[in-house]
Engineer: 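Pasting in a structure now, in structure tokens, and then I'll have a few things to ask.
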Amino acid sequence: MKQKNIGYALLAGSMLFGLTVASGAYAADVNKLAENCAGCHGADGANSDSHIPNIGGMSAKYLTITMAHYKHKERPCVEIEVQSGAKKGTKTDMCKVVAELSDDDVKQLSDYYAGKKFVRAAQKFDAALAAKGKAVHEKNCEKCHSESGSVADDDAGILAGQKIHYLKEQTEFFLAEKRPMHKKMAPKLKALSKDEVAAVVEYYGSLK
Ligand code: HEC
Ligand code: HEC
């Protein structure tokens with residue numbers, strides 16, 4: 001009888017423990033997780049560094065897929081210094097950042113940023129080049145990146161108003177086959193001249 005009681009106590013104790021752990025893991029505070037991201041991407045996923053993309057307002061699906069790419073090192077991770085907050089000045093990259101996240105953290109962060117508004121970057125651009133890029137976009141890219149790459153539900157990132165430096169870098173990664181490309185996007189991007197790639201990127205960056 002005595003033993004049974006101990007058994008119950010242990011059982012109750014471990015159930016309680018299990019619950020605490022489970023709810024703790026499930027409810028990892030998304031605001032806390034996002035503080036780390038804000039050190040580079042800014043509050044609500046918008047920042048003024050030309051090397052760091054704005055991420056607020058992209059679709060949850062795109063964000064989840066993208067973070068899986070980083071987790072499996074399927075796309076390059078550019079090393080950069082944390083811009084603000086507790087870890088300011090230390091260097092890291094997206095592969096290292098995502099490696100520390102559970103699947104549930106990724107899901108929560110994806111929903112969190114999908115709920116923010118995409119902020120178009122205030123950046124300098126070459127208007128003549130951007131005008132050429134508009135035509136390149138309409139002919140080759142609008143089909144999947146609709147309304148000039150501004151529709152989150154396309155699940156293809158957001159190009160309109162994204163950082164020019166970031167877009168240039170990513171097109172280079174795609175063309176060098178360092179980042180996987182949608183199989184129907186590949187022939188479109190590969191068919192462009194260097195100047196046309198520069199122009200289309202300038203076009204996205206010009207959109208306010
Ligand atoms: C040290 C700075 C830094 C931190 C911290 C950081 N990022 Fe990034 N992030 C970058 C840079 C730079 C890029 C673009 C270059 C690259 O792909 O490596 C990027 C790219 C991304 C992209 C891809 C955007 C796209 O259009 O495909 C997503 C999504 C992203 N980060 C989410 C996050 C989340 C979520 C966190 C927090 C858990 C986070 N980042 C923390 C610097 C950072
Ligand atoms: C058949 C559909 C399709 C076409 C056509 C297409 N894309 Fe894409 N694009 C996608 C998808 C899907 C993604 C997201 C890929 C991923 O999951 O990493 C993407 C991603 C991108 C990205 C990265 C966005 C980011 O936030 O990192 C850039 C830049 C891009 N496309 C440029 C272009 C350009 C320029 C053209 C026209 C020459 C083009 N795409 C044509 C489907 C397409």
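Counting starts at 1 for both ligands and their atoms, following the listed order. Heavy-atom basis, side chains included; hydrogens, waters and symmetry copies ignored. By convention here, the first residue in the shown sequence is residue 1.
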Engineer: Which part of M181 is near ligand 2, with near meaning a heavy atom under 4.0 Å away: side chain, backbone, both or neither?
Structural biologist: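 Neither; nothing of M181 gets under 4.0 Å from ligand 2.
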
Engineer: Atoms of ligand 2 less than 4.0 Å from C144 heavy atoms?
Structural biologist: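 Under 4.0 Å from C144, ligand 2 has these atoms: 1 (C), 2 (C), 3 (C), 4 (C), 5 (C), 42 (C), 43 (C).
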
Engineer: Is a salt bridge present between K190 and E177, judged by a nitrogen-to-oxygen distance below 4.0 Å?
Structural biologist: yes

Engineer: So, are D111 and K107 salt-bridged, with charged N and O less than 4.0 Å apart?
Structural biologist: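 Yes, charged N to carboxylate O under 4.0 Å.
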
Engineer: Could you list which atoms of ligand 2 come closer than 4.0 Å to a heavy atom of K184?
Structural biologist: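 Here the atoms of ligand 2 in question are 1 (C).
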
Engineer: For the pair H137 and Y203, name the ring-plane relationship: parallel under 30°, tilted 30 to 60°, perpendicular over 60°.
Structural biologist: tilted

Engineer: With a heavy-atom distance limit of 4.0 Å, tell me whether V200 approaches ligand 2 through its side chain, its backbone, both, or neither.
Structural biologist: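 The answer is the side chain.
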
Engineer: May I ask you to decide whether E172 forms a salt bridge with K168, counting only side-chain N to carboxylate O separations under 4.0 Å?
Structural biologist: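 Salt bridge flag = no for K168 with E172.
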
Engineer: Going by salt bridge (Lys or Arg N to Asp or Glu O under 4.0 Å), name the residues that satisfy it together with D154, two or more places apart in sequence or in a different chain.
Structural biologist: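 If we apply the salt bridge (Lys or Arg N to Asp or Glu O under 4.0 Å) test to D154, skipping adjacent residues, there are no hits.
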
Engineer: Please determine whether side-chain hydrogen bond (donor to acceptor under 3.5 Å, both in side chains) holds for the pair Q108 and D104, giving the CA-CA distance in whole Å, both sets of side-chain angles, and the decisive distance to 0.1 Å.
Structural biologist: CA-CA 6 Å; Q108 287 203 63; D104 186 63; 3.1 Å; yes

Engineer: Do any of the N/O/S atoms of H145, backbone or side chain, fall under 2.8 Å from atom 8 (Fe) of ligand 2?
Structural biologist: yes

Engineer: More than 12 heavy atoms of other residues, nucleotides or ligands under 6.0 Å from CG of D103: is that the case?
Structural biologist: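 No, not enclosed.
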
Engineer: Tell me whether N47 contacts the main-chain N or O of I52 through its side chain, where contact means a donor paired with an acceptor under 3.5 Å.
Structural biologist: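 Checked: pair present.
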
Engineer: Just list the N/O pairs, ligand 1 to protein, that are under 3.5 Å apart, with the distance for each.
Structural biologist:
from     : atom 1 : to   : atom 2 : distance (Å)
ligand 1 : 7 (N)  : H41  : NE2    : 2.8
ligand 1 : 9 (N)  : H41  : NE2    : 2.8
ligand 1 : 17 (O) : Y70  : OH     : 2.5
ligand 1 : 17 (O) : R75  : NH2    : 3.3
ligand 1 : 18 (O) : V78  : N      : 2.9
ligand 1 : 26 (O) : Y166 : OH     : 3.2
ligand 1 : 27 (O) : Y62  : OH     : 2.5
ligand 1 : 27 (O) : R75  : NH1    : 2.9
ligand 1 : 27 (O) : Y166 : OH     : 3.0
ligand 1 : 31 (N) : H41  : NE2    : 2.8
ligand 1 : 40 (N) : H41  : NE2    : 2.8

Engineer: At under 4.0 Å between heavy atoms, is it the side chain or the backbone of L192 that contacts ligand 2, or both, or neither?
Structural biologist: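 Under 4.0 Å from ligand 2, L192 contributes side-chain atoms alone.
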
